[in-house]
Amino acid sequence: MLASCNSQDALVGIEHVSNRVEHPLPAKMRSKLAKMNLSMSSPIMMRIFKEEAVMEVWKANSQDRYQLVATYPICAWSGQLGPKKKEGDRQAPEGFYNITPAQMNPNSSYYLSFDMGYPNKFDRAYGRSGRNLMVHGACSSSGCYSISDAAVLQVYAFARDAFKGGQKSFQIQAFPFRMTAENMAKHRSSEHYEFWKNLKTGYDHFEITHRPPVVDVCGKKYAFNEVGGCNSGTPPALTAAYQSYSKSYEQAFNASTTKYSADWKDTAEWDRKAQERLDRRMGKVRAIPNDADYVVVDSQAKKTMTSDAVASYSEAKKKVEDIKKGVRPTVEYISVAEVAYRKKLADEKRKEDEKLEKRLAKAKIPVPEPNPIKPVMQAYVAEENEDEAPFWKVWERKINSAPPVEVTTADPSALPVVVDGTAKTDEKKAVETEAVAVKKPADAKADQAEQPVQPPAVAAENQPKEKPFWKVW
């Protein structure tokens, strides 16, 4: 278990895949990357916005410009807006952090996770403490950023593929909110405002260049894109672009200050969470894009206690409503292992069907022929077992049917006529048949080798006629 995260509020639900660490990105996401001309193994970076409860994944294109490829809702973060300062304060970190392969945790108690690397150089400059500050699944947090199991499965796959492609580390930028002019004006009275202004410089550099800024710490402040070291300044082209960007921002900021008073305060954590719970009950859920909607998971695997049933609360509410209404899901979530298992069952069924067909092909089943010239096999009516007969037939007389009679003559008049389940032949033909049967032993043996001996037909007159059971008396 992680020291700084607990799962007391964890939800039970979504089934885990068979191999989380190597589970591929869904086909829909791979198709999306292909349409954007982005490689599966190209470098990545991530951004987190607390107030908006959003996590973004960006990927580099061939010009080393990053494009937004995936967005996931953050279902839990603890504390209030502002940086983490000491262990146990329930705050989630804010700042710029680098993630290496060593920080990835495939054996997490929270489905999958990676360590943010807190405290970084900036945090250590202020003597801040804390450990095991993670981005993980399970939708429960105490100092961490928690997303759904479905989302962390994809985030982990993005990082894994980027590392396999040669990326040494990727940057994750954690902000209190989107650093727009309106948001900055709304929070200008916060004790963290000067810190957020420092973060905003890095935010602006990425908005201008779409490249992760080169981060350093100079004089207990973040320094961005000062490639020559502290106080060396940014490249001239970036400096000019930033000045133009800042001019537009100042105008928007001044216009936004009229909307919010200077004594505006952030909402306390417990009030914020109470409002979130109320909103969920009332169905007022933020419309956050969620690229984990189509994650492939194993529907037959065992459930885990740290699993979330769906990727967002709106999906949870809809899922419950669908179950009540008996609506079947339009998308079936199965893993590669489940597909292989179903294929195995289909192959076994196909082999059984082939064996059955071979057995039926070998069986000699008589087929009735309408042409009287060809030999026919008279249907044989098997005598019913008295133990299996219905109770109303206990008084019914059982009539033994004649055994099959095979006729090889070409004369249609010699064919037996079936009357009441018995074979009836002409008396004259019967006498001729008896006469033919009386032969010499040598001739009989010769004929016996040529054709099988046919049983004599039983005359219908010698058989008692069946009567309905109501005429027994």
Side-chain angles (χ1 to χ4, degrees), residues 44-59 66-84 90-99 114 116-118 120 122 133-137 139 141 143-148 151-152 154-155 158-159 170-188 190 192-193 195-208 210-213 215 222 224 245 249 252-253 256 260 264 266-267 269 272-273 275-276 279 285-292 311-314:
I44 65 167
M45 66 153 286
M46 301 180 189
R47 297 202 301 180
I48 290 175
F49 301 100
K50 277 186 180 178
E51 194 170 52
E52 290 82 359
V54 168
M55 181 177 186
E56 298 176 345
V57 178
W58 295 66
K59 256 187 170 300
Y66 282 70
Q67 296 176 255
L68 178 63
V69 295
T71 304
Y72 307 103
I74 296 175
C75 50
W77 60 273
S78 61
Q80 295 178 257
L81 299 181
K84 183 176 183 62
R90 293 180 56 83
Q91 285 291 112
E94 292 176 7
F96 291 77
Y97 300 89
N98 287 327
I99 314 300
F114 61 85
M116 291 186 64
Y118 180 92
N120 62 9
F122 178 91
L133 278 303
M134 302 277 184
V135 173
H136 60 70
C139 270
S141 176
C144 301
Y145 291 104
S146 181
I147 55 181
S148 70
V152 77
Q154 290 192 26
V155 171
F158 274 119
F170 67 87
Q171 188 178 95
I172 183 166
Q173 306 171 2
F175 299 105
F177 41 76
R178 294 191 183 276
M179 314 298 274
T180 62
E182 183 174 345
N183 282 337
M184 292 298 290
K186 182 170 65 173
H187 297 91
R188 69 185 184 277
S190 171
H192 309 297
Y193 184 69
F195 168 66
W196 292 339
K197 286 176 65 177
N198 186 204
L199 294 184
K200 185 181 181 304
T201 304
Y203 175 91
D204 292 345
H205 282 201
F206 179 77
E207 289 292 311
I208 295 170
H210 275 200
R211 290 177 178 174
V215 181
Y222 282 112
F224 303 98
Y245 182 91
Y249 164 79
F253 177 83
S256 299
Y260 306 97
W264 187 90
D266 292 331
T267 307
E269 178 184 8
R272 172 177 61 83
K273 290 188 175 181
Q275 185 63 42
E276 289 175 354
D279 290 343
V285 184
R286 296 177 182 177
I288 301 175
N290 183 11
D291 285 289
S312 68
Y313 291 106
S314 58

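- Here Tyr66 contributes atom OH and Met46 contributes atom CE; the two are 11.5 Å apart, rounded to the nearest 0.5 Å.
- Using a 4.5 Å cut-off on side-chain heavy atoms (C-beta onward), Ile172 and Val135 make contact.
- Listed for the Tyr145 side chain is no donor-acceptor partner under 3.5 Å among the backbone atoms of Ala174.
- Remark: the backbone N or O of Pro213 is paired with a side-chain donor or acceptor of Gln171 at under 3.5 angstrom.
- In this structure, Leu68 CG and Lys59 NZ are separated by 12.5 Å, a value rounded to the nearest 0.5 Å.
- Using a 4.5 Å cut-off on side-chain heavy atoms (C-beta onward), Tyr72 and Gln154 make contact.
- Once rounded to the nearest 0.5 Å, the distance linking NE2 of His192 with CD of Glu94 reads 7.5 Å.
- With Lys50 contributing its side chain and Gly82 its backbone, the two residues share a donor-acceptor pair below 3.5 Å.
- The side-chain heavy atoms of Phe122 and Phe195, taken from C-beta on, include a pair separated by under 4.5 Å.
- When ring centroids are compared, Phe170 and Phe158 stay outside the 6.0 Å threshold.
- Side-chain atoms of Asn120 do not come within 3.5 Å of backbone N or O of Tyr97 as any donor-acceptor pair.
- For the pair Tyr193/Met184, a side-chain contact is recorded, criterion being any heavy-atom separation below 4.5 Å from C-beta on.
- Listed here is the closest heavy atom pair of Pro176 and Met179: CD-SD, 4.2 Å.
- In this structure, Lys200 forms a cation-pi arrangement with Tyr249, its terminal cationic atom sitting closer than 6.0 Å to the ring centre and no more than 45° off the ring axis.
- Ion pair Glu52/Arg47 not flagged as a salt bridge, since none of the NZ, NE, NH1 or NH2 atoms sits closer than 4.0 Å to an Asp/Glu carboxylate oxygen.
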